[in-house]
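Below: one structure in structure tokens.
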Amino acid sequence: MLILGIETSCDDTCVAIIDDHRKILSNCRYSQIKEHQRFGGVVPEIAARNHLELLPGIFKQALLDANIASNNIDIVAATAGPGLIGGLITGFIFAKTISSCLGKTFYGINHLEGHILTPRLTHAIRFPYLALLASGGHLQIVWVRNIADYQILSSTVDDSAGESFDKVAKMLGLSYPGGPNIEKLAKLGDERRFKMPMPMCTKDELNFSFSGLKTFVRGLISKSDLALDSNDICASFQKTVCDIFEYKILQAISLIKNEKVERFALVGGVAANSYIRYRLKYVLQSNGILCTLPDIQLCTDNAAMIAWVACDRYVNGVRHDNNSQPVPRWPLHEVM
Ligand code: KG4
Ligand code: ZN
């Protein structure tokens, strides 16, 4: 069985084809970063127009890479939300048109579910598992019991981790997206040089907060000589984000009382950070928990994860809503 996935929720135009044996036949991604960089962030209307222009060519490329014809596709899936509505509508209509022309089943997929279930595509990880979803728009610790059975243990009360990477990068004059740029400078810095706060890391509080850390970094930058201190600021900031992750993950594990946590997965764009991957793997394995880290290109936005959710749902007989519509807001706990 072949599944076509389309992802257009933000600034990446992505088309992928996978099969139901977890093989990724093609995974095409066009990053629009260059078109948005000069505005310091993603401009929704530009993103939607670019998706519209790019999708036909990328779809053709995905068929070529997979070496299949469009009528070999069995299921068509597209991100239905959450995300920027213009882009979502563009990808959704494109995918729905293909599915109706080919007479194939259509799935409207939740983008967050795509990130959360990626470890099942890459590592065939079994349920239940604990997942830390750290992307540009979201930060959650989720107890993933089964498909469509997601218990949100923790969320952020302000910024997501990806957003704080982006904001700190901007303060340092680095381009968007900030995460990879901070990671690059952090490699050259001393992570112990600046001791930074870990907001809301107390025994009874499972939620995240990053605004205090961001304000601290802003103050530090205003007193620093960036030519000398940038690398150390990046290293200390990245270390602190990872310390916070570690603290909250261990806290969440201790709170899941009736079920044993044997597996953990790190997902979302921030999971592309090698330092965070290395440290979390070490700490989880030291606690006897298997730590799954999807390949880096499957952590940031991609369409293989969207195709996978449709496949996982189809193979496991989980219902889907034929009348789904693109929506800008669609929290994971509302996924059915
Ligand atoms: O999952 P994603 O590609 O898009 C959303 O669904 O939001 O995540 C993008 C976020 C951005 O904030 C970006 O700065 C961050 O992931 N990111 C990273 C790294 N690569 C991407 N953060 C830290 N280190 C990285 N290497
Ligand atoms: Zn994402």
Side-chain angles (χ1 to χ4, degrees), residues 5-14 16 27 29-33 36-37 40-42 44 47 78-84 87-88 91 109-119 131-140 142 155-156 158-172 174-187 189 191 208 210 213-214 234-235 237-242 244-245 265-280 293-306 308-309 328-332:
I6 290 176
E7 154 62 39
T8 54
S9 67
C10 192
D11 59 339
D12 293 311
T13 314
C14 314
N27 193 14
R29 171 172 172 244
Y30 177 89
S31 164
Q32 303 178 11
I33 282 176
H36 298 280
Q37 239 158 13
V42 180
T79 306
L84 303 174
L88 290 169
I109 302 293
N110 181 290
H111 178 90
L112 306 176
E113 191 177 28
H115 282 302
I116 292 277
L117 296 185
T118 296
L132 172 64
L133 165 63
S135 67
H138 295 84
L139 179 61
Q140 295 184 319
V142 186
S155 297
T156 179
D158 39 59
D159 291 348
S160 74
E163 217 174 340
S164 358
F165 268 100
D166 296 337
K167 286 180 177 168
V168 167
K170 199 169 182 178
M171 292 176 207
L172 289 166
L174 304 170
S175 60
Y176 173 86
N181 292 322
I182 290 196
E183 182 178 6
K184 214 180 288 165
L185 295 194
K187 285 198 176 108
E191 65 176 39
F208 293 91
F210 279 101
L213 175 58
K214 186 181 63 190
C234 287
F237 170 74
Q238 181 179 259
K239 173 191 178 294
T240 309
V241 171
C242 195
I244 296 170
F245 282 176
L266 179 63
V267 298
V270 180
N273 184 293
S274 307
Y275 171 91
I276 295 175
R277 290 166 79 88
Y278 176 82
R279 269 194 54 195
L280 291 188
L293 303 166
D295 301 342
I296 285 180
Q297 68 275 21
L298 295 172
C299 290
T300 45
D301 288 350
N302 66 88
M305 69 180 191
I306 301 305
W308 171 254
V309 176
R329 211 191 140 271
W330 186 7
L332 197 55

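In this text, all values refer to a predicted model and were calculated from it rather than measured experimentally. When a ligand or atom number is given, it counts from 1 through the structure's own listing order.
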What's the verdict on side chain to side chain contact (heavy atoms under 4.5 Å, CB included) for L172 and F237, showing C-alpha distance, side-chain angles and the deciding distance?
CA-CA 12 Å; L172 289 166; F237 170 74; over 6 Å; no
Measure the distance from atom 10 (C) of ligand 1 to every protein heavy atom, then report the residue, atom name and distance (to 0.1 Å) of the closest one.
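Nearest neighbour among protein heavy atoms for atom 10 (C) of ligand 1, to 0.1 Å: G136 N, 3.4 Å.
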Could you check whether any heavy atom of C10 sits closer than 4.0 Å to an atom of ligand 1, since that is the contact criterion I want to use?
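In this structure, C10 fails to qualify as a contact of ligand 1 - no heavy atom is under 4.0 Å.
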Sub-3.5 Å donor-acceptor pair from the side chain of D158 to the main-chain atoms of F210, do we have one?
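Confirmed, D158 side chain pairs with F210 backbone.
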Could you list which atoms of ligand 1 come closer than 4.0 Å to a heavy atom of E183?
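Once the distances to E183 are compared, the set is 25 (C), 26 (N).
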Output the list of atoms in ligand 1 that are nearer than 4.0 Å to some heavy atom of G178, sorted by atom number.
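It comes down to these atoms of ligand 1: 14 (O).
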Can you spot which of I109, T79, D12, L88 makes a side chain to side chain contact (heavy atoms under 4.5 Å, CB included) with E7?
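Of the listed options, the one satisfying the test is T79.
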Under 3.5 Å donor-acceptor, S160 side chain and L139 backbone
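No; zero donor-acceptor contacts below 3.5 Å.
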What pair of heavy atoms forms the shortest contact from P177 to I33, and how long is it?
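Nearest pair, atom of P177 first, then I33: CD-CD1, 3.3 Å.
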Look at atom 2 (P) of ligand 1 and say which protein heavy atom is nearest, naming residue and atom and giving the distance to 0.1 Å.
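Going by distance alone, atom 2 (P) of ligand 1 is nearest to D301 OD1, 3.4 Å.
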Which one holds for H115 and ligand 1: side chain close, backbone close, both close, or neither close, with close meaning a heavy atom under 4.0 Å?
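Side chain only.
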With heavy-atom distances below 4.0 Å as the criterion, list the atoms of ligand 1 near T300.
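Those atoms are 3 (O).
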I'd like to know whether ligand 1 has Q238 as a neighbour, heavy-atom separation below 4.0 Å.
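It does not, in that no heavy atom of Q238 comes within the 4.0 Å cut-off of ligand 1.
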Around atom 17 (N) of ligand 1, find the nearest protein heavy atom and jot down its residue, atom name and distance.
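For atom 17 (N) of ligand 1, the nearest protein heavy atom comes out as G269 O, 3.5 Å.
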When you measure from the Zn ion (ligand 2) to the N, O or S atoms of H115, does any of those distances fall below 2.8 Å?
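It does: H115 brings an N, O or S atom closer than 2.8 Å to the Zn ion (ligand 2).
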Minimum-distance protein heavy atom relative to atom 23 (C) of ligand 1
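Checked against all protein heavy atoms, atom 23 (C) of ligand 1 sits closest to G179 CA, 3.4 Å.
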What part of D166 sits under 4.0 Å from ligand 1 if we count only heavy atoms: the side chain, the backbone, both or neither?
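Only the side chain of D166 comes within reach of ligand 1.
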Checking the side chain of N27 only, and the main-chain atoms of A16 only, is there a donor and an acceptor separated by less than 3.5 Å?
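Here the side-chain-to-backbone pair does not exist.
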If I consider every N, O or S atom in D301, which one ends up closest to the Zn ion (ligand 2)? I only need its name.
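Per the distance ranking, D301 contributes OD1 as its closest N/O/S atom to the Zn ion (ligand 2).
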Mind checking the CG-CZ spacing from L298 to R29? Nearest 0.5 Å is all I need.
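Output value for this atom pair is 10.5 Å.
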Which of the ligand 1 atoms, numbered from 1, are nearer than 4.0 Å to a heavy atom of A272
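With A272 as reference, the close atoms of ligand 1 come out as 20 (N), 26 (N).
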Which residue supplies the protein heavy atom nearest to atom 24 (N) of ligand 1, what is that atom called, and how far is it?
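Looking at atom 24 (N) of ligand 1, the protein heavy atom closest to it is N273 ND2, 3.1 Å.
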Ignoring hydrogens and geometry, is there a side-chain-to-backbone donor-acceptor pair from D295 to Q297 under 3.5 Å?
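No; judged by distance alone, with no hydrogens or angles, the pair does not exist.
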V270: numbered ligand 1 atoms lying under 4.0 Å from its heavy atoms:
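That gives atoms 16 (O), 18 (C), 22 (N) of ligand 1.
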Can you sort out which atoms of ligand 1 are near P177, meaning under 4.0 Å from one of its heavy atoms?
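Reading through ligand 1 atom by atom, the close ones are 13 (C), 14 (O).
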Counting N and O atoms only, with roles assigned by atom type, does the side chain of R277 sit under 3.5 Å from a partner on the main chain of A271, one being a donor and the other an acceptor?
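Present.
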Near G162, which atoms of ligand 1 are under 4.0 Å from a heavy atom of that residue?
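Under 4.0 Å from G162, ligand 1 has these atoms: 12 (O).
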Go through ligand 1 atom by atom and flag the ones less than 4.0 Å from a non-hydrogen atom of G137.
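Ligand 1 atoms under the 4.0 Å threshold to G137: 7 (O).
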Once the angle between the rings of H111 and H115 is folded into 0 to 90°, is it parallel (under 30°), tilted (30 to 60°) or perpendicular (over 60°)?
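H111 and H115: perpendicular rings.
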Between H138 and the Zn ion (ligand 2), is there a contact where an N/O/S atom of the residue lies under 2.8 Å from the metal?
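Checking the Zn ion (ligand 2) against H138, no N, O or S atom falls under 2.8 Å.
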Looking only at heavy atoms, what is the nearest atom pair of A272 and T300, with distance?
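Reported closest heavy-atom pair: CB-CG2, 4.4 Å.
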About how many Å separate NZ of K214 and NZ of K170, when rounded to the nearest 0.5 Å?
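One gets 11.5 Å once the value is rounded to the nearest 0.5 Å.
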